[in-house]
Amino acid sequence: MAEQHPVGFQWVVEAKERGAKVIHVDPRFTRTSAMADLHVPIRAGTDIAFLGGIVNYIFENDAWFRDYVRAFTNGPVILKSDFKDTEDAGGFFSGWDPGRSAYSVDTWSYNKSSGETAAGKAEQEADVSGEQAHGAHGFSLSKGRPPDIDDSMEDDRCVLQVLKRHYARYTPEMVEEICGCPKERFLEVARAMCERSGRERTSSVCYAVGWTQHTTGVQNIRAACIVQLLLGNVGRPGGGVLALRGHANIQGSTDIPTLYNILPGYIPMPHPQAHPSLDKFVELNGPRNGAWGELRAYMVSMLKAWWGDAATEDNDFCFQYLPRIDGDHSHYATMLKMLDGGVKGLFAVGQNPTVGSANAKLQRMALGKLDWLVVRDFSETETAAFWRDSPEIDSGEVRREEIGTEVFFLPAAAHTEKDGNFTNTQRLLQWHHKAVEPPGDCRSELHWIYHLGRRVREKLTGSADERDRPILDLTWDYPVQGPQDEPDAESVLQEIGGRRADGTFVTKYEELCDDGSTACGSWIHAGIYGEGVNQSARRKAHREQNWVANEWGWAWPKNIRMIYNRASADPEGRPWSERKRYVWWDAEEGKWTGLGDNPDFPPDKEPDYVPSRRARGMAAIRGDTPFVLHPDGLGWLYAPSGLVDGPLPAHYEPQESPFPNALYAQQQNPTRQIFHRPENPYNPTDGEAGAAVFPFVLTTYRLTEHHTAGGMSRTVPYLSELQPELFCEVSPQLAEERGLEHGGWATIVSARSAIEARVLVTDRVKPLRIQGRDMHLVGVPYHWGRRGLATGDSANELLPLALDNNVHISEYKVATCDIRPGRRPRGRDRLALVEDYRRRAGVKH
Amino acid sequence: MVQSICPYCAVGCGQKVYVKDERVVQIEGDPDSPISRGRLCPKGAASENLVNSPLRETKVKYRRPHGTDWEDLSLEEATEMIADRLIAARRDTWEEETDDGRPLKRTLGVAFLGGATLDSEENYLIKKFFTAAGAVSIENQARI
């Protein structure tokens, strides 16, 4: 955190000065470790074993927050009798179908609650990622609670007992065996977490997105959520599981997505089998209860924002204009399709996949199969230059003249040259103002897409083709201004934030209607232009308000700064403690109040409110269940739907690992996505012949002075001077074993490629003792490429595609490799070296 | 001076952008921000160096199929050519329905990659336009 989010880390340092204990769990020692009370190195890719160990410790020491767990989580809920845990089924949950390499999830749901996972199941069969399923279609509830509950949490089949058994073997000894973290050190972490949680104290877990870059990425985060729910650390000040994301608007580009499987506000994209009509779409995707119960209003309002007067009750509000997804159309699936010649054109806009994506060579080869490529960026990135400057051109594998891709490079405007919103990692939208006009041909993306759309619409005008109607009927009349006809970004924000039929602005998502009388581009942003004011541009200085600072910018939804904050009060609505009060029930006023944040709860819902059997939407949420996005209002220790690889996190080894899975016979996550093809060979893993050819664990990471794939830092003189050259970090022991010299060169090899880096011999990476062997780590920052001021090989040349099937994110954070002294061979000899490794390891294509 | 937000990571530090003669001359941390209280990290502090980088391209560049070098092209002409290619690729790769006759109404032949460095308003229009055009392979760095 001190490396990647240094200014955010000031708050951690401040907390430490006030007595907080700071623990850093990371394979390598960084600036964060230097500031922490305790640095705990673990083997990359063993996070679930570590966190599962904490869960085990919590139960062994009876340290869980009983009142919180009983009231606010699904700990008391009874599961179906035919559910089987990984403990009972050799590392698989019940429902494993080896033929499809996928789970049937029927047995994972709550008891006496039939059909609730139907939506998830249909989507799984359509190979659509689990994040789409907002859980629990047809979830049956009794007075707002799941129908079969044991409040004593002693029933063998209740979630709490299942959880306890699931992690029973994740003992401190097992943590040491898998993670390489001495038992005593692990216990210090577990003890500190438990001692600093409860009524009077809270603990938080901060992670950067490297945690998601595993074949068990989603379950890594889930495991942290389980720890935090058991300790009562969610929805309370100082608690939470906090994602520290790496781009200025990566949160915003998820909320208002440029992602294949969702529409703005996490509304699923429809698919052909399940969604013949708007009604059916709503029925399958919107649970009756909770905030998602009003999905139809959100969807109709979005369709009205997009298609305006053309969207009517009679035509399902143009629901049929939406294209359908019926599989994985994510980044990697698209690159593989491209490699096979199935994609004609690609727009790469501020993203540099030939440096930032796994298996860089595969990315370049795919680009070479396009008819045309449009790159928009500040400078000529490696992606823009792939046809004239690449390892394949060096080696003679391909010549420029052979690449048929037509390439357009369009220079982009900087943040100082346009108005617009960045959403920071805590859902806070902050408007940035234009300072100057962009130079030359540089334009904002708003300018680019608006004028491209305008031109396409002009060219299609008069078309009788039905498929052109969605483009021609689109609302696309944004006012333009200035010398370059720049579209007015505020007018787009107004559309996102929502209007009523009379043109006035809505103030919250509860005002959205399903009859076409409101238009709102993104329901979670409803109200961002409330009262006719750009709420995201508010700038009341922090000195002039309290620490909640809710008059600076605007957070979705409804300017709520801490989500699920109803959980900061006990079931009766009283603060759990004076120290940790945040939002509470004011019985006299009959409303939720607090320190200044908006309650993430209906403002006048009494804590003892019990819904009637027929209630739906938010009316079906009890007064004592804070997790309003879930139909049962509960925090899910156990996820009855939504995930493709299991309702509980289990430790699996990475795709490539030098070690066997010490917990289960199943080595890797059985649902992971792997692609066996010549362009994507895998190193043999433990148990396979040839694994010893790649004996070391490889991990990749970022540096303070560079940014992601380098497009915004390797072109910046100051930053390039601060970190001029690629290096790898190795321990003194590994350096001695392999004859690596500090300051000299090393070549790092995988079945994909070989790269060279300067050697940094350092105690920052230590060998770990695992299963009786020393494990050596090779650490490589991934920022470098061939363009810009600071050049070097790209770490992503080394990595394979191996994805978490929940979200199709690749395992960037761990693979295996070999390392040898000296620079890598040049030209064709580089290929020959890699080919020799493949032959020795018996790599199968 | 205008108030801005750092374009690098997702902490969202406040920036003050100083302009002289239509040029950004200095970018400093915004002491009013409750997030950053005036601080910037090495990257944020180098923002002026980013927007005025000597490596920044300000002209459209074009590489024809099988070409060996970049050529010049006007922004107007490039936009026109891209619009034509988009329309043609969409038409040529259109999928109207599944084998069993259910609607798909899409193209997998045109893809988009990027977004985490863009503004939300930009992403909104990109998703809106490409979805209306039937392109579904719309992705960004959140998948990294």
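In what follows, chains are A, B, ... by sequence order, proteins preceding strands, each numbered from 1.
- Heavy atoms closer than 4.5 Å to chain A are found in the backbone of B:Leu40, but not in its side chain.
- Below 30°, between 30° and 60°, or above 60°: for B:Tyr8 and A:His707 the angle between ring planes is above 60°, a perpendicular geometry.
- Between A:Glu406 and B:Arg64, none of the side-chain N atoms (NZ, or NE/NH1/NH2) sits under 4.0 Å from a carboxylate O, so this pair counts as no salt bridge.
- If you take NZ on A:Lys434 and OG on B:Ser4, they are separated by 13.0 Å, rounding to the nearest 0.5 Å.
- Aromatic pair A:Phe347/B:Phe130: ring centres closer than 6.0 Å.
- Of the charged side-chain nitrogens involved, at least one lies within less than 4.0 Å of a carboxylate oxygen, so that A:Arg543 and B:Asp32 count as a salt-bridged pair.
- Using a 4.5 Å heavy-atom threshold, the side chains of B:Arg23 and A:Val436 count as separate.
- Contact of A:Leu244 with chain B is not made at all, since no heavy-atom distance falls under 4.5 Å.
- Within the 4.5 angstrom heavy-atom criterion, only side-chain atoms of B:Val17, from C-beta onward, approach chain A.
- A salt bridge links B:Glu80 and A:Arg455; the closest N-O separation between the charged side-chain nitrogens and carboxylate oxygens is under 4.0 Å.
- Residue B:Ser74: no heavy atom, backbone or side chain, is found under 4.5 Å from chain A.
- The pair A:Lys418-B:Glu122 meets the salt-bridge criterion, with a side-chain N (NZ, NE, NH1 or NH2) lying under 4.0 Å from an Asp/Glu carboxylate O.
- Looking at B:Thr98, only its side chain comes within 4.5 Å of chain A, counting heavy atoms on both sides.
- Not a single donor-acceptor pair under 3.5 Å links the side chain of A:Glu402 to the backbone N or O of B:His66.
- Contacts between B:Ile35 and chain A at a heavy-atom distance below 4.5 Å involve backbone atoms as well as side-chain atoms.
- At a 4.5 Å heavy-atom cutoff, A:His525 makes no contact with chain B through either its backbone or its side chain.
- Here the side chains of B:Ser53 and A:Ser379 are not in contact, with every heavy-atom distance at 4.5 Å or above.
- With a 4.5 Å cut-off on side-chain heavy atoms, B:Leu86 and A:Leu452 count as touching.
- Contacts of B:Val24 with chain A are made by both backbone and side-chain atoms, with heavy-atom separations under 4.5 Å.
- Remark: side-chain polar atoms of B:Gln141 are not paired, donor with acceptor, to backbone N or O of A:Ile250 under 3.5 angstrom.
- Counting only distance, with no hydrogens or angles, the side chain of A:Asn424 and the backbone of B:Val11 share a donor-acceptor pair below 3.5 Å.
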Next on the checklist: Determine whether A:His415 and B:Asp119 satisfy the following criterion, side chain to side chain donor-acceptor pair (under 3.5 Å), listing intermediate values before the conclusion.
Outcome noted: CA-CA 9 Å; A:His415 72 298; B:Asp119 296 340; over 6 Å; no

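- The contact between B:Thr68 and chain A is made by backbone and side chain atoms together, counting heavy-atom distances below 4.5 Å.
- Contact annotation for B:Cys6: only backbone heavy atoms (N, CA, C, O) come within less than 4.5 Å of a heavy atom of chain A.
- Electrostatic pairing of B:Asp84 and A:Lys459 counts as a salt bridge here, judged by a charged N lying under 4.0 Å from a carboxylate O.
- Put simply, the side chain of B:Lys105 never gets that close to the backbone of A:Leu322: no donor and acceptor are under 3.5 Å apart.
- Only the side chain of B:Val2 comes within less than 4.5 Å of a heavy atom of chain A; its backbone N, CA, C and O stay farther away.
- Using cut-offs of 30° and 60° for the angle between ring planes, the B:Trp70 and A:Phe409 rings count as perpendicular.
- Contacts of B:Glu76 with chain A are made by both backbone and side-chain atoms, with heavy-atom separations under 4.5 Å.
- Between the side chain of B:Glu57 and the backbone N or O of A:Pro411, no donor-acceptor pair lies under 3.5 Å.
- For B:Asp100, no part lies under 4.5 angstrom from a heavy atom of chain A.
- B:Arg63 places none of its side-chain heavy atoms less than 4.5 Å from the side chain of A:Arg388.
- With a threshold of 4.5 angstrom between heavy atoms, A:Thr708 does not approach chain B through any atom at all.
- Between A:Glu495 and B:Lys128 there is a salt bridge, since a side-chain N of the basic residue sits under 4.0 Å from a carboxylate O of the acidic one.
- Using a distance-only test at 3.5 Å, with no hydrogens or angles considered, no donor-acceptor pair links the side chain of B:Arg56 to the main chain of A:Phe378.
- Between the CE atom in A:Met269 and the CD1 atom in B:Ile138 there is a gap of 8.5 Å [rounded to 0.5 Å].
- Of the two parts of A:Tyr718, the backbone and the side chain both hold a non-hydrogen atom closer than 4.5 Å to a non-hydrogen atom of chain B.
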Next on the checklist: For a side chain to side chain contact (heavy atoms under 4.5 Å, CB included) check, start with the C-alpha distance between A:Thr258 and B:Glu139, then their side-chain angles and the critical distance, and finish with the verdict.
Outcome noted: CA-CA 5 Å; A:Thr258 36; B:Glu139 286 277 290; over 6 Å; no

